[in-house]
Colleague: 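I have a structure here, written as structure tokens, and I will follow up with some questions on it.
By convention in this document, chain letters (A, B, ...) are assigned in the order of the sequence lines, proteins followed by strands, and residues within each chain are numbered from 1.
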Amino acid sequence: MSPALIAALPFLGSLLPALLIRTGRSHAAISAGVISGLALLGLLLNAPAILRGEVITARFDWLPWLGLNANFMIDGLGLLFASLILGIGLLIILYARFYLSKDDPVGQFYTYLLLFQGAMVGIVLSDNILLLLIFWELTSLSSFLLIGYWKHLPEGRQGARMALTVTGLGGLSMIAGMLILGNIAGSYDISAILQSKEAIQASPYYLPALILILGGAFTKSAQFPFHFWLPHAMAAPTPVSAYLHSATMVKAGLFLMARLWPVLSGTPEWFYIVATTGLVTMLVGAKIAIFKDDLKALLAFSTVSHLGLITFLLGLGTEAGAVAAVFHIINHATFKAALFMSAGIVDHETHTRDIKRLGGLRHLMPVTFTIATVAALSMAGIPLLNGFLSKEMMLEEASHTLWAGNGWIVPALAAIAALFSATYSFRYIAHAFLGPVRDDYPHKPHDPGFGMWAAPAFLVVLVVAIGIMPMTFAGPILEAAANAVVGGGLHMHPVKLWHGFTPALWMSVFAVVGGLVVLGQHRRLEALWLATPRPEAKAVFDALVGACVRGATRFTSALHNGSMARYLLIFVLAALAAGIWAWTTGEQGPPTRAMLPITPVAAAAWVTLLVATGCVVAYHRNRLLALVLISIVGLIVSLSFVYLSAPDLALTQISVEVVTAVLMLLALNFLPKITQPETRLIKRRFDALVAVAGGLGTGLLIYALMVRDFAFPTMSEYHLANSYKLGGGTNVVNVILVDFRGYDTFGEVIVLGIAALVIFALTEALLTGASSRKLIAWRPDVARAGDKHPLMLLVATRVMMPIALMMAVFIFLRGHNLPGGGFIAGLVAAIALVMQYMASGFAWTQARQKVYYHVLIALGVLAAGITGIGALFNGLPFLTSDFGYFRIPPFEKFELATAMGFDLGVFLGVVGSVMLALGGLSRLARRAAVGDEGFHVVAEKPEAREMAGHVPREVGLAGAMLRRQRKDGSEEGI
Amino acid sequence: MEALVASAIGVMTAAGIYLILRLRTFPVVLGMAMLSYAVNVFLFATGRLAVNMPPILDHLGEATPGYTDPIPQALVLTAIVISFGMTAVVVMLSLGAFIEAGNDRIDLGDEESES
């Protein structure tokens, strides 16, 4: 089976258990088991080839320009780890089926477990460090879900957060390290990196990369001083602890060190950082484990210690060390998973894991006792069990390791760590299972059913089998994996039970005997332990996190205190600072363009604009006046567009001016007409200073731009040259909008439609509930005009309507070749409609309106979209336009372009959006004027005719006048 | 001419910035409208100024020199329409806030900045 498929299978199958849980826990478990089993089978089919020394690869380009490729490979190391992950995974699935209770969401458990399994398999089969990083982070995330599986337990949630924080931070550090490593090697493919040992170790970035990568590995593998998260993660259900925290996830860091061993190891830096950390972790973890009363905490710290042992062996940088490390990885996974499961059984049966409340279980749970004893003895390093072999190899390596020229410190510390290890292993047996039977267990214990002890029993069989005949049961895989770790060419000495009376043997004897002696003194030592103060990792961690959160909160609330004026000020100041920085550090050439002459008209317009702008600021408190003044600014802007060769812009700007003015007036209907001064004078002066600085900067910037030619050739040449040839139109701006940059325009029409719908939704919200009552009780704050619908205006708008619409059609049709187009035509049509609203009132107009504005927006987007899709049928990309020339006698030849359909969409979208936006405001005004008359959403619809009561049949001017007489007083203008 | 346009952009920007730093909704809306003008003209001016050279090709569609840069124009055209949409949303928001809260301050509860 392809390595990629092996890694993908657990992900693909992860939803199955969650779906099948409805048919029962067993089905969920079986589905998870089948998936793991299939992946394992696929892996093992490759095993013969890999054991012969081949490497199975599968390569997929993903983002090749980033060096991120989905490259997978299985070599000896990958085979070993993947078998552990999938094999122990299978056992855990079986065990969890019986361990978890009926009330637990078992489907979720298996889903999380499979996700985790897939991520782990992904790590060990990746042949690309970026891909590996992705899987690495996925294990952090999925283990978070698994540790916090019992969501109701605060310890579970806290433990999950702590694990995620520590391993997540480590992961970040590792990303940095990996990127450096990939840059040095020139490739992110592991197989390529492994070939560039000399380049990497000679690089000045070797040490930073090493430290950063080890940061990831040490946090994941719970090395001192990052070991504290592992015991807290024990709040997870025991199957999770057995799987993640003994056999798989915590080994990911070790895997990484083993994977990169050929290129990173062998330097003094590697030795002193890795071996020392490993040694210290081994010692510290073992010492703490002796004094833990919680069975799982004891096992957790023993795991920390054993991970330290393996790290130490990898850190030595010798071939024998690497072999011993790989061997201990196998052995530790077997006996520690069995131990965790036995602890889980004890917990499950007696309802406690407190070693002080246990004892004497030997008689009550003989099967569990046997399993736990064999596994614990293996952990202690007793001959004929696999733990003895690898521990012996470790002691052998330690016995001739020099640390800073000192030949006794490493062996001594290793022997003491082995002694501690023996102590807690014996304690696990003696204090939980031996001793007299008690009568105060929280629950009467007995052995569980076969399903629950089958998995640990199988592992214990392996423990014994490897212990007695190591080369038969573990030899081939050990050799293949170790060969991969050292980068090939390994000469492995066979693992043997008996090496003669070596120093390592004496150290083993010392450890076992010493372990028994220390256990005998446990009570006294424990009193001493409890009396000595020691840092509580969780308290330190919580304080650190708390400090970070407080700092972040303070920082955020200083910047983000809910005051929009402050955000805007910060924004302006930041933009100014960036501008000043660019201005002072950058350089600019001399002016290259001749300036255009200033004509008197232009000068007059300029003066008008400046005066109007100044007046807007000076008189902005008088809102109506400010509105008039700002319209002058808009008008001058439109005029300058005309003058400066932008007729399309001028048309657009002037139409937008009209609708904006109407919009603002509608809003002013409600808002106060006068702005009260809010700020102190000094604040106003400061704001003025900022504003002047901003204006000055902007002005200087655009001036600097305008007096220089383009630094690079622009795309405009292309557009000008091809507008007619390819787009079939002579108005280049319009062709750009509907053709060259049709995608942008399409998006913009959609955005405009969304804005209109937002306004509609806001209106709806205001028309219900408390704000609706406020609206009904609204009293206008200025006197109303005597005649709500002046006759002159009525007549004028009625007459104007067809003319304005005709104008819109004209502008629309000429748009492709002359100034005009969908945007402008849409605005003009909207103005024509708005005039009716203004003259005759909202309800009157609404009642005669035949289409929903929502529909117009939708039609617009659809029309533009369908026109675009049409191109696909001709095998052209989305939004490619086509055109042709037609002649219908007696007319002249004329052009039809598909771009017109697109422009029609723009037109409809603009009309719908503008009308929906203005309509929303008018409805508020109407509600305020008329009160609740049953006008709600219905008022937007043509059926509103019926709702509005009897509407005269007469049309035109006479009808309007009749209507006014009949309904005067109840219809309010907008 | 360039100096006039640049100074006009600068003045409109300054007015816009001053107005958006006010504490009532309506001046802020005005300020945003003013900034929209300034930004639109700014973008337009990045295509450099030209008089009597609209990007309307002659009847043959020949691209002889003598046309101004059409791209900023296309950009600004949509920007004008979109800024109307934005203004409309902001107006509606401020109106809603006013009707709900009974006043048109933009910084509710920010007592210290009020005199």
Side-chain angles (χ1 to χ4, degrees), chain A residues 563-565 568 572 595-596 598 606 609-610 613 617 620 623 626 630 637 644-649 652-653 656 663 667 670-671 675 678 680 687-688 691-692 694-696 698-699 702-703 705-707 716 719-721 724 730-733 736-737 748 752 755 758-759 762 766 771 774 823 917, chain B residues 1-2 4 6-15 17-21 23-24 26-27 30 33 37 42 45-46 48-51 53-57 61 63 67-71 73-74 76-78 80-82 84-85 87-89 91-92 95-96 98-100 104 106-107 110 114-115:
Chain A
S563 159
M564 194 174 89
L568 291 172
V572 172
M595 303 227 300
L596 294 175
I598 298 175
W606 180 75
L609 180 94
L610 258 48
T613 309
V617 175
H620 76 266
R623 294 179 170 183
I630 202 167
V637 169
L644 294 169
S645 319
D648 284 284
L649 290 191
T652 314
Q653 183 76 58
V656 164
L663 177 87
F670 289 97
L671 294 173
T675 306
E678 292 265 349
R680 288 185 294 271
D687 287 351
V692 168
L696 206 63
T698 319
I702 192 63
Y703 183 74
L705 262 177
M706 281 191 293
V707 295
S716 306
H719 289 152
L720 285 166
Y724 189 71
T730 53
N731 180 1
V732 187
V733 174
I736 291 176
L737 283 177
E748 269 149 355
L752 196 64
V758 166
I759 291 173
L762 282 169
L766 287 174
S771 47
K774 284 184 191 167
F823 273 114
Chain B
M1 197 66 207
E2 274 79 358
L4 293 192
S7 57
I9 291 173
V11 169
M12 287 193 290
T13 309
I17 292 175
Y18 181 77
L19 287 175
I20 61 168
L21 295 178
L23 296 176
R24 297 274 180 161
F26 197 76
L30 284 183
Y37 289 138
F42 186 103
T46 56
R48 311 301 187 263
L49 304 184
V51 177
M53 285 196 274
I56 311 289
L57 305 180
Y67 297 109
T68 188
D69 193 343
I71 292 178
Q73 293 198 16
V76 171
L77 199 151
T78 50
I80 293 172
V81 181
I82 291 288
F84 165 74
T87 310
V89 171
V91 163
M92 198 62 216
L95 195 56
F98 177 65
I99 291 169
E100 292 270 344
D104 64 344
I106 54 168
D107 293 341
D110 186 21
E114 289 164 24
S115 53

Colleague: For each of B/P27, B/A50, B/A45, tally heavy-atom pairs with chain A at distances under 4.5 Å, and name the one with the top tally.
Modeller: B/A50
Colleague: Quick check on A/I736 against chain B: is it the side chain, the backbone, both or neither that has a heavy atom closer than 4.5 Å?
Modeller: side chain
Colleague: Roughly how far apart are A/Q653 CD and B/F84 CZ, rounded to 0.5 Å?
Modeller: 12.5 Å
Colleague: Nearest 0.5 Å please: distance from the CG atom of A/L596 over to the CZ atom of B/R48.
Modeller: 12.0 Å
Colleague: Based on non-hydrogen pairs under 4.5 Å, which of A/T675, A/V758, A/V692 is most in contact with chain B?
Modeller: A/T675
Colleague: Testing the basics here: between A/W606 and B/L4, what is the closest heavy-atom pair and its distance to 0.1 Å?
Modeller: NE1-O, 3.2 Å
Colleague: Quick one: pull up CD1 in B/I20 and CE in A/M564 and give me the separation to the nearest 0.5 Å.
Modeller: 7.5 Å
Colleague: Using a cut-off of under 4.5 Å on heavy-atom pairs, state which of B/V51, B/L30, B/V11 scores highest against chain A.
Modeller: B/V51
Colleague: What part of B/L21 lies closer than 4.5 angstrom to a heavy atom of chain A: side chain, backbone, both or neither?
Modeller: both
Colleague: What are the two closest non-hydrogen atoms of A/M706 and B/E2, and how far apart are they?
Modeller: CE-O, 3.4 Å
Colleague: With B/I80, which of A/T652, A/V637, A/D648 fulfils side chain to side chain contact (heavy atoms under 4.5 Å, CB included)?
Modeller: A/T652
Colleague: Which bit of A/I702 comes within less than 4.5 Å of chain B, counting heavy atoms only: side chain, backbone, both or neither?
Modeller: both
Colleague: Looking at A/I598, A/L644, A/L762, A/L766, which one has more heavy-atom pairs under 4.5 Å with chain B than the rest?
Modeller: A/L644
Colleague: Which region of A/A688, side chain (C-beta onward) or backbone (N, CA, C, O), has a non-hydrogen atom less than 4.5 Å from a non-hydrogen atom of chain B, or is it both or neither?
Modeller: both
Colleague: Has the side chain of B/Q73 got a donor or acceptor atom that lies under 3.5 Å from a matching backbone atom of A/S645?
Modeller: yes
Colleague: Measuring heavy-atom distances to chain A, does B/Y37 have an atom under 4.5 Å in its side chain, in its backbone, in both, or in neither?
Modeller: side chain
Colleague: Any idea which heavy atoms bring B/P70 and A/V733 closest together, and the distance?
Modeller: O-CG2, 4.0 Å
Colleague: Is A/T613 close to chain B through its backbone or its side chain, or both, or neither, when contacts mean heavy atoms under 4.5 Å?
Modeller: both
Colleague: What residue in A/E748, A/H719, A/R623, A/H620 has the most heavy-atom pairs under 4.5 Å with chain B?
Modeller: A/R623
Colleague: Would you find a donor on one side and an acceptor on the other, under 3.5 Å apart, between the side chain of A/S716 and the backbone of B/D69?
Modeller: no
Colleague: What part of A/L671 is in contact with chain B, defined as an atom under 4.5 angstrom from a non-hydrogen atom: side chain, backbone, both or neither?
Modeller: both
Colleague: Which one wins on heavy-atom pair count under 4.5 Å against chain A: B/V89, B/T68, B/I71?
Modeller: B/I71
Colleague: Which atoms of A/F823 are under 4.5 Å from chain B, going by heavy atoms: the side chain, the backbone, both sets, or neither?
Modeller: side chain
Colleague: Quick one: CZ on A/F670 to CG on B/L95, what's the gap to the nearest 0.5 Å?
Modeller: 6.0 Å
Colleague: Among B/P55, B/G96, B/A8, single out the residue with the greatest number of heavy-atom pairs under 4.5 Å to chain A.
Modeller: B/P55
Colleague: Is B/Y18 in contact with chain A via its backbone, its side chain, both, or neither, using a 4.5 Å heavy-atom distance?
Modeller: both
Colleague: Shortest non-hydrogen contact from B/A33 to A/I630?
Modeller: CB-CD1, 4.0 Å
Colleague: Please find the pair of heavy atoms, one from A/G695 and one from B/T13, that lie closest to each other, and give the distance.
Modeller: CA-CB, 4.0 Å
Colleague: May I ask you to name which of B/S7, B/A15, B/G85, B/A74 has the most heavy-atom pairs under 4.5 Å with chain A?
Modeller: B/A74
Colleague: Among B/T78, B/T46, B/I9, which residue forms the greatest number of heavy-atom pairs with chain A at distances under 4.5 Å?
Modeller: B/T78
Colleague: Give the member of A/L705, A/L696, A/N731 that has the highest number of heavy-atom pairs under 4.5 Å with chain B.
Modeller: A/L705
Colleague: Please rank A/V732, A/D687, A/V617 by heavy-atom pairs under 4.5 Å with chain B and give me the top one.
Modeller: A/D687
Colleague: Out of A/V707, A/L609, A/V572, A/I759, return the one with the most heavy atom pairs under 4.5 angstrom to chain B.
Modeller: A/I759
